[in-house]
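Structure first, commentary second.
Treat the numbers as computed from the prediction; the structure is a model and nothing was measured.
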Amino acid sequence: MSHSSDEDSEISDSEIDEYEDKFYARLVAGEFKVKDGESYSCPFCSGKKKKDFNINNLIQHASGVGAAPNRQAKDKATHRALAKHLKNGLTKSSGQQPQTVVVEPQPLPNRDEKFVWPWMGVLVNVPTEWKDGRQIGRSGNHLKEQLSRFCPLKIIPLWNFRGHTGNAIVEFGKDWHGFRNALAFENYFEAEGYGKRDWKEKQNHGSNLFGWVARAEDHSSPGLIGDHLRKNSDLKTINDLENEGARKTDKLVANLANQIEVKNRHLQELEVTYNERTASLEKMMGQREQLLQKYNEEIRKMQQLAQRHSQKIIDENQKLRSELESKMSELNTRSKELDEIAAKSDYDRRIIEQEKQKNAIKSSHLKLATLEQERADENVLKLVREHKREKEAAVKKILKLEEQVDAKQKLELDIQQLKGKLEVMKHMPGDEDSALKNKIDELSEELQEKMDELDAMESLNQTLVIKERKSNTEMQDARKELENGLLDLSDGQSHIGIKRMGELDLEAFSKACRKMSLEEDAEITAAILCSKWQAEIKNPDWHPFRFVLVDGQEKEIIEDDAKLQELKEEHGEDIYRLVRDALCQINEYNPSGRFPVGELWNFKDKRKATLKETVQFVLRQWRANRRKR
């Protein structure tokens with residue numbers, strides 16, 4: 001009989017059903033010879049040793065090969081097609097009774113029949129020989145390799161005091177796949193005529209192995225086989241195992257459903273927290289931008305003011321230098337005139353000599369003054385350059401702090417985002433556990449690097465803050481020393497001096513009262529009002545302020561207070577403004593003590609004096625006092 005190319009080609013497991021249908025159609029069409037007279041043969045095992053089958057043995061043979069796990073996919077497909085053909089068609093065409101030939105390809109056991117579990121098989125008639133005073137036989141590994149097509153987990157030979165008993169226990173997997181392997185193991189031996197029934201019926205067992213699946217009968221039997229089965233297994237039905245598996249599956253599904261629900265709630269909470277933190281960070285970044293813009297504007301104003309002030313100092317020095325040069329020119333002219341007079345008159349020579357000496361002394365003093373002025377100019381220029389360097393250093397420090405703040409805020413944002421991602425990744429159900437674990441490890445490592453970088457930046461910021469505090473302390477100490485020095489140098493007419501912040505000005509009160517009353521009454525009224533409202537300002541229980549939002553920031557302003565309104569209506573706008581300004585000053589400089597405090601003040605520009613202009617004023621006062629000496 002001819003064969004097509006399909007018989008020579010290999011197929012995959014996914015193509016078994018397709019090829020089974022093809023070979024079944026060819027069997028029905030009569031392309032393969034199955035029956036030869038009264039005997040049957042397998043058309044797909046023709047290359048092996050020929051063997052005649054009866055109908056039942058051939059169906060068992062085809063079913064066993066079709067269910068064997070280690071057979072090639074093509075052998076499984078052809079033998080399944082043969083079993084199906086024998087069941088559905090050939091038995092009817094042969095004229096035999098259906099009840100004698102209908103055999104399932106892989107008979108389903110009775111669901112209430114008790115099997116040994118974990119699934120085990122019994123192997124008997126293992127060849128042994130007498131050697132060195134005991135029976136020896138094949139090892140478990142050798143038998144496992146021989147029966148490897150049925151995927152046994154272990155084969156345990158049974159021994160007694162004489163040695164190998166010729167019996168062995170075959171252990172299969174505990175799952176349904178192991179059960180199918182055990183049934184295939186039993187079907188194979190039954191198809192070959194070496195099953196349990198054949199072992200009991202045959203008188204001459206020969207040297208072939210006999211095998212079957214262990215059941216309740218084997219479990220309760222006496223001997224080594226029964227002892228081993230009772231010691232290492234239990235009896236269970238298929239229904240018992242299915243019910244137990246269903247219970248475990250239901251419990252596992254319920255636990256997984258609860259875990260999924262808990263993780264979903266946790267993910268929702270994480271998402272809400274993440275959104276809140278993101279919104280907060282965005283708000284902080286916006287506020288930071290506004291503060292940065294205001295700060296940059298203040299820096300530009302300070303730079304412009306410093307430039308104007310430096311130029312003013314340079315112009316004043318140039319003017320003084322010109323005056324000194326003109327004085328020197330006048331002295332030289334006077335000296336020449338005196339020389340001419342001395343030449344004309346010897347009588348006045350002595351007087352002229354005296355005047356010349358005086359002029360020389362004055363000239364020497366002017367030269368010394370010029371040198372002193374040049375030194376002062378150099379000192380001023382040094383102060384200007386030093387101020388410029390300090391200002392540039394301060395700007396650089398501020399820019400560096402801004403960069404560090406930006407980097408810190410960016411690191412904090414990255415850390416929060418990485419934490420959110422990490423939490424989400426930890427609670428995300430994934431099919432690829434290894435890939436998810438690698439992703440979580442990468443995120444954890446990146447998060448740790450960001451945290452280390454943030455710790456280093458915070459350490460640097462802390463160092464800079466300590467240095468800044470130290471500089472501020474030194475600046476405040478210098479400012480206090482200047483205040484103490486100005487108390488000694490001030491003459492009451494200087495434009496730089498000490499102003500008592502929060503203290504009412506009696507002279508200003510007097511001027512305001514003169515506009516509203518007679519001259520003789522103004523001084524008395526001013527003194528009474530000044531004393532009264534100074535006491536009100538010092539009263540800690542009177543705090544007519546409230547907070548309002550201005551450009552997104554809280555600012556403290558004076559509210560519509562009844563006392564202030566009464567003062568304004570009774571004594572006018574000028575006195576009301578004096579009291580209001582003093583109240584704002586005491587609230588700004590000493591809100592807790594409520595007593596006036598001194599402050600360096602530029603009376604000319606009506607503002608707080610800077611350290612630079614205060615130092616310059618003190619130097620000028622010192623030079624003036626030195627010249628007087």
Just wondering, more than 12 heavy atoms not from Glu15 lying within 6.0 Å of its CD? yes
Ignoring hydrogens and angles, state whether a donor on the side chain of Asp581 or Gln585 is under 3.5 Å from an acceptor on the partner side chain. no
If the threshold is 4.0 Å, N to carboxylate O, is there a salt bridge linking Arg577 and Asp574? yes
With a 4.0 Å cut-off on N to O distance, would you call Arg265 and Glu261 a salt bridge? yes
Would a distance-only check, ignoring hydrogens and angles, find a side-chain to backbone donor-acceptor pair under 3.5 Å from Thr273 to Glu269? yes
Nearest 0.5 Å please: distance from the CD1 atom of Ile575 over to the CD atom of Glu573. 11.0 Å
Ala582 and Ile537 have their tightest heavy-atom pair at CB-CD1, 3.7 Å
Atom CG in Leu567, atom CG in Leu578: separation rounded to 0.5 Å? 9.5 Å
Tell me whether the count of non-hydrogen atoms from other residues, nucleotides or ligands lying under 6.0 Å of NZ in Lys294 goes above 12. yes
Please say whether more than 12 non-hydrogen atoms of neighbouring residues, nucleotides or ligands are located less than 6.0 Å from CD in Gln565. yes
If we count only N and O atoms by modelled type, under 3.5 Å, do the side chains of Arg321 and Gln318 hold a donor and an acceptor together? yes
Of all the heavy-atom pairs spanning Trp117 and Lys174, show the shortest one and how long it is. NE1-O, 3.4 Å
Distance from Lys251 atom NZ to Leu256 atom CG, nearest 0.5 Å? 12.0 Å
Taking atom CD of Glu330 as the centre, does the number of heavy atoms from other residues, nucleotides or ligands within less than 6.0 Å exceed 12? yes
Value for NZ (Lys532) from CD (Glu536), rounded to nearest 0.5 Å, stands at 7.0 Å
What's the shortest heavy-atom distance between Lys563 and Trp533, and which atoms? O-CH2, 3.8 Å
Count the heavy atoms belonging to other residues, nucleotides or ligands that lie under 6.0 Å from CD of Glu297, then report whether that count exceeds 12. yes
Taking 4.0 angstrom as the limit, do Glu316 and Lys319 come out as a salt bridge? no
So NZ of Lys511 and CG of Leu506: to nearest 0.5 Å the spacing works out to 11.5 Å
Once you round to the nearest 0.5 Å, how far does CE of Met285 lie from CG of Leu292? 10.0 Å
More than 12 heavy atoms from other groups under 6.0 Å of CZ on Arg580: yes
Over all atoms of both residues, closest heavy-atom pair of Pro596 and Ile586: N-CD1, 3.8 Å
Just by distance, no angles: are the side chains of Trp542 and Asp561 close enough, under 3.5 Å, to form a donor-acceptor pair? yes
